There are 2 protein chains.
Amino acid sequence: MDKHDLFQQFVAFTTTLHEMTHTLTQHVKLDQITTLQYKILEYIQVSQAVTATEISDCLHMSLPNTSRELRKLQEKKLIDKIGDPEDRRKQVIRLTPTGQKLMDEAFSCIEEQFLQFIQHASPQDVAAISQALTVLEQHFFSARKY
Amino acid sequence: MDKHDLFQQFVAFTTTLHEMTHTLTQHVKLDQITTLQYKILEYIQVSQAVTATEISDCLHMSLPNTSRELRKLQEKKLIDKIGDPEDRRKQVIRLTPTGQKLMDEAFSCIEEQFLQFIQHASPQDVAAISQALTVLEQHFFSARKY
DNA sequence: TCCATTACTTATCATTTGATAACAAAATAA
DNA sequence: TTATTTTGTTATCAAATGATAAGTAATGGA
């Protein structure tokens with residue numbers, strides 16, 4: 001197994017995982033927000049306190065477009081913008097209780113699907129999967145630093 | 001490690017992999033096609049011979065929209081449609097030499113980035129990553145059958 | 001103080017994508 | 001044969017997204 005073969009395997013795996021992600025998320029009903037807006041909420045939830053610029057950088061979208069989507073999310077009462085007293089140009093973005101509730105519901109729906117997906121996995125299987133994920137996380141995360 | 005913890009780990013891993021995929025593909029310059037069209041070409045390349053209905057099903061898009069994108073790709077001379085003599089309603093979609101060349105170039109660009117990504121990986125690391133990918137593929141693929 | 005930079009907003013435009021209706025041709029079932 | 005299903009197309013329409021110009025306010029450096 002050389003690095004070229006590993007690349008081939010990696011591509012195939014990515015396709016499988018992408019398909020799996022689609023299956024896991026397809027039952028989440030998000031009538032009020034778009035996929036992009038969901039990704040933004042997801043990022044805010046994971047990062048807890050973020051600025052518009054950080055969202056813009058991490059989700060690879062322009063600041064004007066980020067600003068527009070954040071305004072829409074604020075209009076839907078899903079996020080709050082709080083002025084940063086340290087630097088009054090900045091605005092800290094947080095989920096509102098409503099936004100948090102929406103994300104909690106989405107995640108529990110996804111988790112339910114995930115559990116169905118691995119319902120036949122034994123404790124040994126779970127340990128093996130976790131170990132595999134750890135290996136990949138370590139290698140990919142450490143590689144990102146270069 | 002119970003299944004709930006595994007889910008948390010899975011979500012974190014998915015985020016990392018998504019970010020990695022973006023990094024790998026960001027240097028591919030596709031001035032002539034959109035992301036969706038690239039995904040269609042990718043699917044055709046992997047599957048070799050497919051119909052519009054198969055693309056529609058696997059990429060989760062409606063048949064009219066699939067038909068429209070295939071027409072655009074045909075206009076760009078990247079794919080061919082060949083009538084199926086067995087069933088004259090069907091059309092087999094294939095990459096043209098130009099389309100194949102475009103995909104080959106894209107993939108070699110992505111592979112180049114991938115190799116940079118794992119440039120510090122030893123043969124032992126490569127084996128460990130491959131083993132981890134195999135474990136996940138097996139579990140996720142077998143889970144999909146249920 | 002003055003100037004450049006940063007953080008963010010508003011406005012506008014083109015393009016992409018998703019959804020749906022209506023249609024035609026071929027295959028299949030009744 | 002007739003009806004139904006399958007495969008694919010064209011034509012619209014609305015919505016989402018991406019890109020860019022222009023502007024405001026705050027910060028920080030010279």
Side-chain angles (χ1 to χ4, degrees), chain A residues 18 21-22 25-44 47 49-76 78-94 102, chain B residues 18 21-22 25-44 47 49-76 78-94 102:
Chain A
H18 190 269
T21 302
H22 182 269
T25 55
Q26 70 184 342
H27 293 294
V28 181
K29 51 169 169 44
L30 299 168
D31 18 317
Q32 38 181 344
I33 58 170
T34 68
T35 306
L36 182 63
Q37 287 166 1
Y38 173 78
K39 282 182 191 160
I40 293 173
L41 291 180
E42 198 177 57
Y43 181 72
I44 297 170
S47 311
V50 284
T51 65
T53 302
E54 285 172 328
I55 294 172
S56 166
D57 288 343
C58 292
L59 299 189
H60 313 290
M61 47 195 293
S62 72
L63 198 51
N65 290 337
T66 304
S67 178
R68 175 183 58 196
E69 297 309 319
L70 289 177
R71 179 177 47 74
K72 289 179 188 169
L73 287 171
Q74 192 176 26
E75 281 165 7
K76 293 176 206 279
L78 297 174
I79 63 165
D80 270 332
K81 297 178 187 175
I82 299 148
D84 182 346
E86 303 276 315
D87 184 339
R88 293 194 303 169
R89 292 170 304 180
K90 293 187 184 175
Q91 304 230 320
V92 175
I93 316 287
R94 288 188 325 184
L102 184 143
Chain B
H18 189 269
T21 303
H22 181 270
T25 54
Q26 71 185 344
H27 293 293
V28 181
K29 52 171 168 44
L30 299 167
D31 19 316
Q32 39 181 344
I33 59 170
T34 68
T35 306
L36 182 63
Q37 286 166 1
Y38 172 79
K39 282 182 191 160
I40 292 172
L41 292 180
E42 197 177 56
Y43 181 72
I44 296 169
S47 311
V50 285
T51 65
T53 301
E54 285 171 328
I55 294 172
S56 166
D57 289 342
C58 292
L59 299 188
H60 314 289
M61 47 194 293
S62 72
L63 197 51
N65 290 337
T66 304
S67 179
R68 175 183 58 196
E69 297 307 319
L70 289 177
R71 178 175 47 73
K72 289 179 188 170
L73 287 170
Q74 192 175 27
E75 281 164 8
K76 293 178 207 278
L78 297 174
I79 63 165
D80 270 333
K81 297 178 188 176
I82 300 147
D84 182 348
E86 303 275 316
D87 183 339
R88 293 195 302 168
R89 293 170 303 180
K90 293 186 183 175
Q91 303 228 322
V92 175
I93 315 288
R94 288 189 325 183
L102 184 143

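Worth saying up front: this structure is predicted, and the values here are computed from it rather than measured. So you know, we letter chains A, B, ... as the sequences are listed, proteins then strands, and number each from 1.
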| Mind checking whether B:Thr66 and B:Leu59 have side chains closer than 4.5 Å, heavy atoms only? | no

| said: Please report the distance, rounded to the nearest Å, between CD1 in A:Ile82 and P in C:dA7. | reply: 19 Å

| task | Give the rounded distance in Å between these two atoms: CG of A:Leu70 and P of C:dA7. | result | 15 Å

| note | Closest to the 5' end of DNA chain C, once A:Lys90 and A:Asn65 are matched to their nearest nucleotides, is A:Lys90

| said: Using a 4.0 Å heavy-atom cut-off, does B:Arg68 contact any base of the nucleic acid, only the sugar-phosphate backbone, or nothing at all? | reply: base

| field | Nearest heavy-atom neighbours spanning A:Gly83 and A:Pro85 | value | O-CD, 3.4 Å

| request: Please examine the side chains of A:Gln37 and A:Leu41, heavy atoms only from C-beta on, and report whether any two atoms are closer than 4.5 Å. | output: no

| request: Just compare C:dA7, C:dT9, C:dT20 and give me whichever is closest to any side-chain atom of A:Lys81. | output: C:dT9

What nitrogen or oxygen pairs link the protein and nucleotides 22-29 of chain C at under 3.5 Å?
residue	atom	partner	partner atom	Å
C:dA27	OP1	B:Arg88	N	3.0

| task | Go through DNA chain D in 5' to 3' direction and return only the first and the last nucleotide with some atom under 4.0 Å of chain A's heavy atoms. | result | D:dA16 to D:dT27

| query | Between B:Ser56 and B:Ala52, is there a donor-acceptor pair closer than 3.5 Å when you use the side chain of the first and the backbone of the second? | reply | no

| said: Taking any heavy-atom pair under 4.0 Å as a contact, classify B:Thr51: base, sugar-phosphate, or nothing. | reply: sugar-phosphate

| message | Once rounded to the nearest 0.5 Å, what's the spacing between atom CD1 of A:Ile40 and atom CG of A:Leu70? | response | 5.5 Å

| query | Are the side chain of A:Lys76 and the backbone N or O of A:Gln32 linked by a donor-acceptor pair below 3.5 Å? | reply | yes

| request: Return the set of residues passing side-chain contact (heavy atoms from CB on, under 4.5 Å) with A:Arg94 (not counting sequence neighbours), or none when no residue passes. | output: A:Ile82, A:Val92

| message | Quick one, A:Ile33 and A:Leu102 - any side-chain contact, counting heavy atoms below 4.5 Å? | response | yes

| From B:Ile44 CD1 over to B:Leu73 CG, what is the distance, rounded to the nearest 0.5 angstrom? | 6.5 Å

| Can you check whether B:Gln91's main-chain N or O pairs, donor with acceptor, with B:Thr51's side chain at less than 3.5 Å? | no

| Where B:Glu86 and B:Asp84 come nearest, the two heavy atoms and their spacing | N-OD1, 2.8 Å

| remark: Bend of the helix from C:dT1-D:dA30 to C:dA30-D:dT1 from end-axis comparison, five pairs per end, nearest 10°, comes to 20°

| query | Would you say B:Lys72 reaches C:dT16's phosphate, i.e. side-chain N/O to OP1/OP2 under 4.0 Å? | reply | no

| Any A:Thr53 side-chain N or O less than 4.0 Å from OP1/OP2 of C:dC8 | yes

| field | salt bridge (charged side-chain N to carboxylate O under 4.0 Å, His left out) partners of residues 61-75 of chain B, not counting sequence neighbours, each pair once | value | B:Glu69-B:Lys72, B:Arg71-B:Glu75

| For residues 28-37 of chain B, which residues have at least one heavy atom under 4.0 Å from DNA chain D? | none

| query | Please give, in whole Å, the distance from C:dT15 C1' to B:Glu69 CD? | reply | 11 Å

